[in-house]
Amino acid sequence: MGSRKCGGCLSGLLIPLALWSITVNILLYFPNGQTSYASSNKLTNYVWYFEGICFSGVMMLIVAAVLLVLENNNNCKCCQSENCSKKYMTLLSIIFSALGIACSGYCLVISALGLVQGPYCRTLHGWEYAFEGTAGRFLTDSSLWIQCLEPAHVVEWNIILFSILIALSGLQVIVCLIRVVIQLSKILCGTYSVIIQPGII
């Protein structure tokens, strides 16, 4: 009962994390609330990977919904024996938790790459990735940020939002990993037998 409640809480936690990921990713399209840069395709290329909207957002909402159904549907009979049904539910839970790790991990990696690359902005030399060759050193040297003339404060905008996406997707990875551990512990620690005994079928 305790592990079921814990699993349900963890699955429920994925929902607000996913909604926040969608919101943060959408904000990346509108530096300082302006829509002109998105319409003229003057944004960093990593925002077009839809990492927060599709993968850490919509896909994680689907994963969370399935996991909640699996946790709450205790009377589901997919096999002739109760033991087989529980094993099948646990397997599905592990598969969808692994899918959640893959989706949130994708968002984590893409957001980290976007953070290190830096924003696409207008400099004295025109529109370019002003910090692409700095290997992320600009993140700790704010004196370099003045190279970006337009959009205003785009460096801070990108750093804050990509960092939030990294944190949100990182939490999703942790939650899904914990769920995998919980489900595996049910099998390995004998919460119920995985091996169908003769005569049960």
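Every value quoted in this text rests on a predicted model; they were computed, and no experiment measured them. Start at 1 with the first residue, then count along the sequence. Just so you know, these numbers use all the heavy atoms, side chains as well, and skip hydrogens, waters and symmetry mates.
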Is any side-chain heavy atom of [X] closer than 4.5 Å to a side-chain heavy atom of [Y]?
X	Y	result
Ile182	Leu10	yes
Val175	Ser97	no
Thr44	Pro119	no
Leu165	Ile110	no
Tyr37	Asn32	no
Leu177	Val181	no
Leu61	Leu19	yes
Ile166	Leu115	yes

Search all heavy atoms of [X] against all heavy atoms of [Y] and return the closest pair with its distance.
X	Y	result
Gly105	Val173	N-CG2, 3.8 Å
Val47	Asn25	O-ND2, 4.2 Å
Met60	Cys103	SD-CB, 4.2 Å
Gly57	Ala18	O-CB, 3.4 Å
Gly170	Leu108	N-CD1, 4.4 Å
Ala130	Cys148	CB-SG, 4.3 Å

- Could you go step by step and tell me if Tyr29 and Leu43 meet the side-chain contact (heavy atoms from CB on, under 4.5 Å) rule? CA-CA 7 Å; Tyr29 292 99; Leu43 300 172; 3.8 Å; yes
Atom pair [atom1] ([X]) and [atom2] ([Y]), whose distance is rounded to the nearest 0.5 Å:
X	Y	atom1	atom2	answer
Met59	Tyr106	CE	OH	12.0 Å
Ile53	Thr23	CD1	OG1	9.5 Å
Trp20	Ser169	CH2	OG	15.5 Å
Leu144	Leu139	CG	CG	10.0 Å
Tyr129	Cys121	OH	SG	10.0 Å
Ile164	Leu27	CD1	CG	8.5 Å

Just by distance, with hydrogens left out, do [X] and [Y] show a side-chain donor and acceptor under 3.5 Å apart?
X	Y	result
Gln147	Thr123	no
Ser56	Gln172	yes
Glu51	Tyr46	no

- Message: If hydrophobic clusters are built by linking Ile, Leu, Val, Met, Phe, Trp and Tyr wherever their side-chain heavy atoms come under 4.5 Å apart, do Trp127 and Leu149 end up in the same one?
- Response: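 No, Trp127 does not connect to Leu149 through the hydrophobic network.
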- Item | Val116 with Ile159, same ILVMFWY side-chain cluster at under 4.5 Å | no
Under a 3.5 Å distance rule, please check whether [X] uses its side chain to pair with a backbone N or O of [Y] as donor and acceptor.
X	Y	answer
Ser93	Met89	no
Gln117	Phe131	no
Thr140	Arg137	yes
Trp145	Phe138	yes
Asp141	Ser143	yes

- Query: Has Trp157 got more than 12 heavy atoms of other residues, nucleotides or ligands less than 6.0 Å from its CH2?
  - Reply: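 It does: Trp157 CH2 has more than 12 such atoms within range.
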- Verdict with supporting geometry, Asn41 and Trp48, side-chain contact (heavy atoms from CB on, under 4.5 Å): CA-CA 10 Å; Asn41 197 23; Trp48 302 109; 3.4 Å; yes
- Query: What residue among Leu99, Ile101, Leu67 forms side chain to side chain contact (heavy atoms under 4.5 Å, CB included) with Cys176?
  - Reply: Ile101
